[in-house]
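Any value given below was found using the heavy atoms of this structure, including those in side chains, with hydrogens, waters and symmetry copies removed. Lettering follows sequence order; numbering is per chain, from 1. Quantities reported herein were computed from a predicted structural model and do not represent experimental measurements.
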Number of protein chains: 2
Amino acid sequence: MLSSIIFYSLDKAIRQYRKLAQANIDRAGIAITIDQWLVLRVIQENDDLTQSDIGDRVFKDQASVARIIRLLLDQRLLTAEPLPHDGRRTRLRVSLLGQQTLDAVQPVVLQNRSIALEGLSEADIRLVRDLLERIYQNCLPPA
Amino acid sequence: MLSSIIFYSLDKAIRQYRKLAQANIDRAGIAITIDQWLVLRVIQENDDLTQSDIGDRVFKDQASVARIIRLLLDQRLLTAEPLPHDGRRTRLRVSLLGQQTLDAVQPVVLQNRSIALEGLSEADIRLVRDLLERIYQNCLPPA
DNA sequence: GCAACTTCAATGATACATCATACACCTCTG
DNA sequence: CAGAGGTGTATGATGTATCATTGAAGTTGC
């Protein structure tokens, strides 16, 4: 049945893409995971987000973000200093090493995308994106 | 950039679908995860597969399948008896409880799919599937 | 038959997902 | 200002992903 394999294809495609992406990052000698990279990039763009805010942007929950940030801090890709006006939070900033890592990953990511999307037109991509967005909306809880 | 959000949409859609699917299984009072269900179903259809074979069919690696099978055995959804002609393997079979679980999940899965795919035509679905398959192929290692 | 190779399953290490909870800290309201 | 409720972070429990390795068991070649 057709509807039974669409989610299989979805799963298969995203997983294979992640494998390719991670393999190419590894091959470039960069010690970071895709998910850590996603979070690091968000923090670079905006260093005043809560963990939940970050989670919204990378589609992860707060607990996952918390653990990823911990790893980024352990690896010195991120620094944290207490925020004076809110004792619960810290100000996270991308370190120099973190910056260098982001710079190194950037071209790899671009190349990964172009490999993955080879043979797909702009229109194809737009269509897939729209249909996926529709599926996403359909799956949202009634609220 | 368009290409930068296609993978985001992909990720988002599949995750939200999995959330919906799991939530509805939970709500139906069935104690199984999506991934366990996938594996159990494959074993039901063919009870003479190696863990790697099963992995190929559900797009998981052997290690993941091994752990999922262990959980299915622990929960008595599966039985294992030694195979006489190969001391490394066991014959896995879906237990009565496993069968009942599969039967109970089936309608929930169908409903999940129809919820998720509401508003998408057959042609849309086919197109998405084909484009995702193309992406998958593009991401395969050079071999 | 034995050595070399291959196959199969289990498991350790590490990372992420999800749900739930705990706890500290903030804010608002009476 | 005190208590109630909301927000932000950390962490436990459980499940899955990925890579690597181990060890047992099968197979092949000679």
Any [X] side-chain nitrogen or oxygen under 4.0 Å from OP1 or OP2 of [N]:
| X | N | result |
| --- | --- | --- |
| A:Lys60 | C:dA17 | yes |
| B:Ser52 | C:dC8 | no |
| B:Gln62 | C:dT7 | no |
| A:Arg89 | D:dT9 | yes |
| A:Thr33 | C:dC16 | yes |

Discussion item. Looking at A:Arg88 and D:dT9, is any side-chain donor or acceptor paired with a base atom of the opposite kind under 3.5 Å?
Written reply: no
For [X], report the nucleic acid contact type (base, sugar-phosphate, nothing); a contact means any heavy atom under 4.0 Å.
| X | answer |
| --- | --- |
| B:Arg67 | base |
| B:Leu71 | sugar-phosphate |
| B:Ile69 | nothing |
| A:Asp61 | base |
| A:Gln22 | nothing |

Item to complete: May I ask you to decide if A:Thr50's main-chain N or O and A:Asp53's side chain share a donor-acceptor pair within less than 3.5 Å?
Response: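 Judged by distance alone, yes, a pair lies under 3.5 Å.
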Discussion item. Test your reading of the model: is there a side-chain donor-acceptor pair from A:Thr90 to the backbone of A:Glu81, 3.5 Å cut-off?
Written reply: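 Not at all, since once roles are kept as given, no pair shorter than 3.5 Å links the two residues.
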Worksheet item: Rounded to whole angstrom units, what separation is found between the CD atom of B:Gln51 and the P atom of D:dT18?
Response: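 Between P of D:dT18 and CD of B:Gln51: 16 Å.
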Worksheet item: Mapping A:Pro84 and A:Ala63 to their closest nucleotides on DNA chain C, which lands nearer the 5' end?
Response: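 With A:Pro84 and A:Ala63 compared, the 5'-side residue is A:Ala63.
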